[in-house]
Student: 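The structure that follows is given in the form of C-alpha coordinates.
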Amino acid sequence: MEKETDISDEPREKIKRLREKSEAIKEKMEIEALTFIEAAKSFTFEWIRREMETSMLSSYGTSSPDNLELDSKKLNRSRSDLNELPLRIPDIVEAHLNGGDYWVHRNELLQVGISRDYLDFKKEKFEEN
(Lines give C-alpha, C1' and ligand atoms only; values in the text may rest on other atoms or scores of the structure.)
Protein backbone atom coordinates (compact mmCIF):
# COMPACT_ATOMS: atom_id res chain seq x y z
CA MET A 1 0.00 0.00 0.00
CA GLU A 2 2.81 2.41 0.77
CA LYS A 3 4.09 2.10 -2.76
CA GLU A 4 0.77 3.31 -4.14
CA THR A 5 0.95 6.47 -2.07
CA ASP A 6 4.59 6.95 -3.10
CA ILE A 7 3.60 6.58 -6.71
CA SER A 8 0.70 8.97 -6.39
CA ASP A 9 2.90 11.54 -4.58
CA GLU A 10 5.46 11.57 -7.40
CA PRO A 11 3.00 12.78 -10.07
CA ARG A 12 1.67 15.36 -7.59
CA GLU A 13 5.19 16.69 -7.06
CA LYS A 14 5.77 16.79 -10.77
CA ILE A 15 2.51 18.68 -11.27
CA LYS A 16 3.47 21.07 -8.48
CA ARG A 17 6.88 21.73 -10.07
CA LEU A 18 5.31 22.24 -13.49
CA ARG A 19 2.79 24.70 -12.06
CA GLU A 20 5.56 26.62 -10.32
CA LYS A 21 7.55 26.70 -13.54
CA SER A 22 4.46 27.80 -15.46
CA GLU A 23 3.82 30.63 -12.99
CA ALA A 24 7.43 31.78 -13.25
CA ILE A 25 7.15 31.84 -17.05
CA LYS A 26 3.85 33.74 -16.83
CA GLU A 27 5.51 36.34 -14.59
CA LYS A 28 8.34 36.80 -17.10
CA MET A 29 5.84 37.04 -19.95
CA GLU A 30 3.85 39.65 -18.06
CA ILE A 31 6.97 41.77 -17.57
CA GLU A 32 7.67 41.55 -21.30
CA ALA A 33 4.05 42.39 -22.16
CA LEU A 34 4.13 45.47 -19.93
CA THR A 35 7.49 46.52 -21.39
CA PHE A 36 6.05 46.20 -24.89
CA ILE A 37 2.95 48.21 -23.95
CA GLU A 38 5.09 51.00 -22.48
CA ALA A 39 7.28 51.07 -25.61
CA ALA A 40 4.17 51.14 -27.82
CA LYS A 41 2.72 54.02 -25.81
CA SER A 42 5.93 56.01 -26.10
CA PHE A 43 6.39 55.27 -29.80
CA THR A 44 2.77 56.06 -30.65
CA PHE A 45 2.81 59.28 -28.64
CA GLU A 46 5.96 60.54 -30.37
CA TRP A 47 4.88 59.41 -33.81
CA ILE A 48 1.42 61.02 -33.62
CA ARG A 49 2.83 64.22 -32.12
CA ARG A 50 5.43 64.47 -34.90
CA GLU A 51 2.87 63.73 -37.63
CA MET A 52 0.45 66.30 -36.25
CA GLU A 53 3.16 68.91 -35.97
CA THR A 54 4.40 68.24 -39.51
CA SER A 55 0.86 68.42 -40.85
CA MET A 56 0.09 71.66 -39.04
CA LEU A 57 3.34 73.31 -40.04
CA SER A 58 2.91 72.36 -43.68
CA SER A 59 -0.68 73.64 -43.74
CA TYR A 60 0.42 77.01 -42.31
CA GLY A 61 3.60 77.18 -44.35
CA THR A 62 1.80 78.40 -47.49
CA SER A 63 0.50 81.62 -45.90
CA SER A 64 0.75 85.00 -47.58
CA PRO A 65 2.67 87.83 -45.82
CA ASP A 66 -0.61 89.73 -45.26
CA ASN A 67 -2.03 86.91 -43.16
CA LEU A 68 1.22 86.10 -41.35
CA GLU A 69 0.16 87.65 -38.01
CA LEU A 70 -3.24 85.94 -38.09
CA ASP A 71 -1.64 82.64 -39.08
CA SER A 72 0.90 83.03 -36.28
CA LYS A 73 -1.93 83.28 -33.75
CA LYS A 74 -3.64 80.23 -35.29
CA LEU A 75 -0.38 78.31 -35.23
CA ASN A 76 0.22 79.12 -31.56
CA ARG A 77 -3.36 78.06 -30.70
CA SER A 78 -2.92 74.91 -32.80
CA ARG A 79 0.36 74.13 -31.05
CA SER A 80 -1.47 74.39 -27.74
CA ASP A 81 -4.04 71.88 -29.03
CA LEU A 82 -1.19 69.80 -30.41
CA ASN A 83 0.36 69.57 -26.95
CA GLU A 84 -2.92 68.50 -25.31
CA LEU A 85 -4.25 65.96 -27.81
CA PRO A 86 -1.34 63.50 -27.75
CA LEU A 87 -1.53 63.34 -23.96
CA ARG A 88 -4.54 61.03 -24.38
CA ILE A 89 -2.69 58.71 -26.76
CA PRO A 90 -0.91 56.59 -24.10
CA ASP A 91 -4.23 55.89 -22.37
CA ILE A 92 -5.83 54.89 -25.67
CA VAL A 93 -2.90 52.61 -26.55
CA GLU A 94 -2.96 50.97 -23.12
CA ALA A 95 -6.72 50.45 -23.27
CA HIS A 96 -6.37 48.63 -26.57
CA LEU A 97 -3.17 46.66 -25.95
CA ASN A 98 -3.53 45.75 -22.29
CA GLY A 99 -6.49 43.43 -22.77
CA GLY A 100 -6.17 39.72 -22.20
CA ASP A 101 -7.01 38.91 -25.81
CA TYR A 102 -3.47 39.61 -27.00
CA TRP A 103 -1.55 37.92 -24.20
CA VAL A 104 -1.86 34.15 -24.06
CA HIS A 105 -0.14 33.95 -20.68
CA ARG A 106 -3.03 35.82 -19.05
CA ASN A 107 -5.49 33.05 -19.92
CA GLU A 108 -5.63 29.77 -18.10
CA LEU A 109 -6.57 27.76 -21.17
CA LEU A 110 -5.42 27.99 -24.75
CA GLN A 111 -7.68 30.17 -26.85
CA VAL A 112 -9.45 28.70 -29.85
CA GLY A 113 -8.01 31.39 -32.10
CA ILE A 114 -4.34 30.64 -31.43
CA SER A 115 -2.56 30.01 -34.67
CA ARG A 116 -1.71 26.41 -35.51
CA ASP A 117 1.58 27.68 -36.92
CA TYR A 118 2.50 29.12 -33.54
CA LEU A 119 1.63 25.90 -31.74
CA ASP A 120 3.57 23.84 -34.29
CA PHE A 121 6.54 26.20 -33.90
CA LYS A 122 6.48 25.83 -30.09
CA LYS A 123 6.17 22.05 -30.42
CA GLU A 124 9.23 21.94 -32.70
CA LYS A 125 11.22 24.12 -30.29
CA PHE A 126 10.23 21.91 -27.37
CA GLU A 127 11.24 18.76 -29.25
CA GLU A 128 14.63 20.30 -30.15
CA ASN A 129 15.47 20.81 -26.47
Student: Rounded to the nearest 0.5 Å, what separation is found between the CD1 atom of Ile31 and the NZ atom of Lys26?
Tutor: 14.5 Å

Student: To the nearest 0.5 angstrom, please state how far the CG atom of Leu97 sits from the CD1 atom of Ile92.
Tutor: 12.0 Å

Student: Could you tell me the separation between the CD1 atom of Ile15 and the CD atom of Glu20, rounded to the nearest 0.5 Å?
Tutor: 12.5 Å

Student: List the residues meeting side-chain contact (heavy atoms from CB on, under 4.5 Å) with Lys21, not counting sequence neighbours, and say none if there are none.
Tutor: Ile25

Student: Run the salt bridge (charged side-chain N to carboxylate O under 4.0 Å, His left out) test against Glu27 and tell me which residues pass, sequence neighbours left out.
Tutor: none

Student: With rounding to the nearest 0.5 Å, note down the distance linking CH2 in Trp103 to CG in Leu34.
Tutor: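 So the CH2 of Trp103 and the CG of Leu34 are separated by 8.5 Å.
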
Student: Are the side chain of Thr54 and the backbone N or O of Arg50 linked by a donor-acceptor pair below 3.5 Å?
Tutor: yes

Student: Please tabulate, one pair per line, all N/O donor-acceptor pairs under 3.5 Å involving side-chain atoms of residues 37-46, not counting sequence neighbours.
Tutor:
{"unit_1": "Glu38", "atom_1": "OE2", "unit_2": "Lys41", "atom_2": "NZ", "d": "2.9"}
{"unit_1": "Lys41", "atom_1": "NZ", "unit_2": "Glu94", "atom_2": "OE1", "d": "2.8"}
{"unit_1": "Thr44", "atom_1": "OG1", "unit_2": "Ala40", "atom_2": "O", "d": "2.6"}
{"unit_1": "Glu46", "atom_1": "OE1", "unit_2": "Arg49", "atom_2": "NE", "d": "3.4"}
{"unit_1": "Glu46", "atom_1": "OE1", "unit_2": "Arg49", "atom_2": "NH2", "d": "2.7"}

Student: Using side-chain contact (heavy atoms from CB on, under 4.5 Å) as the criterion, list what pairs up with Arg17, not counting sequence neighbours.
Tutor: Glu13, Lys14

